[in-house]
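Heads up: the structure comes next, in structure tokens.
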2 protein chains.
Amino acid sequence: MPPAPHSPRPTDAELEILRVLWTLGPRTVRQVHDELSQKRDVGYTTMLKLMQIMTDKGLLLRDESERSHIYRAKQKEAVTQKQLVKDLVSRAFGGSTEKLVMQALSSKKATAQEIADIRQLLDKMEGGAK
Amino acid sequence: MPPAPHSPRPTDAELEILRVLWTLGPRTVRQVHDELSQKRDVGYTTMLKLMQIMTDKGLLLRDESERSHIYRAKQKEAVTQKQLVKDLVSRAFGGSTEKLVMQALSSKKATAQEIADIRQLLDKMEGGAK
DNA sequence: TGCTTCTTACGAAGATCTTCGTACTATCCT
DNA sequence: AGGATAGTACGAAGATCTTCGTAAGAAGCA
């Protein structure tokens, strides 16, 4: 089956799997299952089915050269994160990224280091945007 | 029926309705439908059913004193936005709000005014966190 | 070889989301 | 009063998501 033409946002279960693959790198179903079943009670074939579906959808790529297929995320973590943020901005913040940022920052105590990092990013943006 | 005990994140269709109620204030099904059908082709009873379900779930409050019931969002916009951001941070950013903020900022050109606003917020945070 | 284990493939059930048709009731207008 | 209009309630269909059982093939081992 050819992959789906467009890509809707990954579901919760799909995102959970993507995070494992981003963090640990390409993995078999067995390995992903071992990882996730530490956190949550989930069957092996459930994981298999999900990863097969994700491959059909074009979210994952599969290396079938070995008996145990090896899966990896098609998109880099940052790309998917960017899509998810964009999606949330448009659905919940009327398209205003700034509102989301303000909301995110105000609902959390950041460390001095984190604040400094963000400042630095703002500096760079201001410089470049000029 | 009593409202649901906890509140999972609102679905896409639900969030769309919430945004209308936040922006325009309490409204009847008719009014919400008139608003949303400008953007999207959707039936009146679909809207009605959704808003009834949302009331059961505890997302909306309903004033039944008039023939046309008047609905309003139970939670303020900022509260729901905060929950949505928190949810995305935990599902896609490993719990790091800072990563989400950096991702959001770097994927968008902000105006000088917006950057200044964010700086001001950072100032306030630094002051308060001290 | 023959038994056990691991893996993929597949079907289907149950849950939730979105949609709308239909029925019923209240209100309005002539 | 009586037909037209507008509203609510409800059931159910179709889509998607998540789950798992079962079957069948491949690999390992006694």
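Below, each value reflects all heavy atoms present in this structure, side chains not excepted, and no hydrogens, waters or symmetry copies. So that the names make sense, note that chain A is the first sequence line, chain B the second, and so on, each numbered from 1.
The nearest whole Å value for the distance from the OH atom in Tyr71(A) to the C1' atom in dT7(C) is 10 Å. Atom C1' of nucleotide dT18(C) and atom CG of Asp12(B) are separated by 11 Å, given to the nearest angstrom. Distance CD (Glu66(B)) to P (dG7(D)): 13 Å, rounded to an integer number of Å. Nucleotide dG25(D) holds its P atom 15 Å from the NE2 atom of His69(A), rounded to whole Å. Between Ile53(A) atom CD1 and dA9(C) atom C1' the separation is 12 Å, expressed in whole Å. Between Ile70(A) atom CD1 and dT8(C) atom P there is a gap of 10 Å when expressed in whole angstrom units. Remark: P of dA9(C) and CG of Leu50(A) are 15 Å apart, rounded to the nearest angstrom. One interatomic measurement links the two molecules: CG of Asp56(A) to P of dG11(C), which rounds to 13 Å at whole-angstrom precision.
When all heavy atoms of Ile115(A) and Met125(B) are compared, the pair lying nearest together is CD1-CB, 4.1 Å.
Look at Gln52(A) and you'll find a side-chain N or O under 4.0 angstrom from OP1 or OP2 of dA9(C). The phosphate of dT16(C) has neither OP1 nor OP2 within less than 4.0 Å of any side-chain N or O from Arg9(B).
The side chain of Ser68(A) has dT7(C) as its nearest neighbour among dT8(D), dT18(D), dT7(C).
A heavy-atom distance below 4.0 Å to DNA chain D is reached by these residues of residues 32-49 of chain B, ordered by number: Tyr44(B), Thr45(B), Leu48(B), Lys49(B).
Within the 4.5 Å cutoff, no side-chain heavy atoms of Arg91(A) are placed close to those of Arg19(B).
Residue-environment remark: CD (Glu64(A)) exceeds the threshold of 12 foreign heavy atoms within 6.0 Å.
Taking OG1 of Thr46(B) as the reference point, atom CG of Leu36(B) lies at 11.5 Å (rounded to 0.5 Å). Distance CG/Asp34(B) to CE/Met47(B): 11.0 Å, rounded to 0.5 Å.
Under a 3.5 Å cut-off, the side chain of Gln81(A) and the backbone N or O of Leu100(B) do not form any donor-acceptor pair. Of the possible polar contacts, one joining the Trp22(B) side chain to the Gln75(B) backbone as a donor-acceptor pair under 3.5 Å is found.
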**Request:** Could you go through the side chain to side chain contact (heavy atoms under 4.5 Å, CB included) check for Lys39(A) and Glu16(A) one step at a time?
**Result:** CA-CA 11 Å; Lys39(A) 305 279 178 183; Glu16(A) 206 174 32; 5.8 Å; no
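Between Glu77(A) and Lys99(B), no side-chain nitrogen of the basic residue sits less than 4.0 Å from a carboxylate oxygen of the acidic one, so the salt-bridge criterion is not met.
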Shorter than 3.5 Å, N or O on both sides, protein versus nucleotides 26-30 of chain C: list them out with atom names.
| from | atom 1 | to | atom 2 | distance (Å) |
| --- | --- | --- | --- | --- |
| dA26(C) | N3 | Arg67(B) | NH2 | 3.4 |

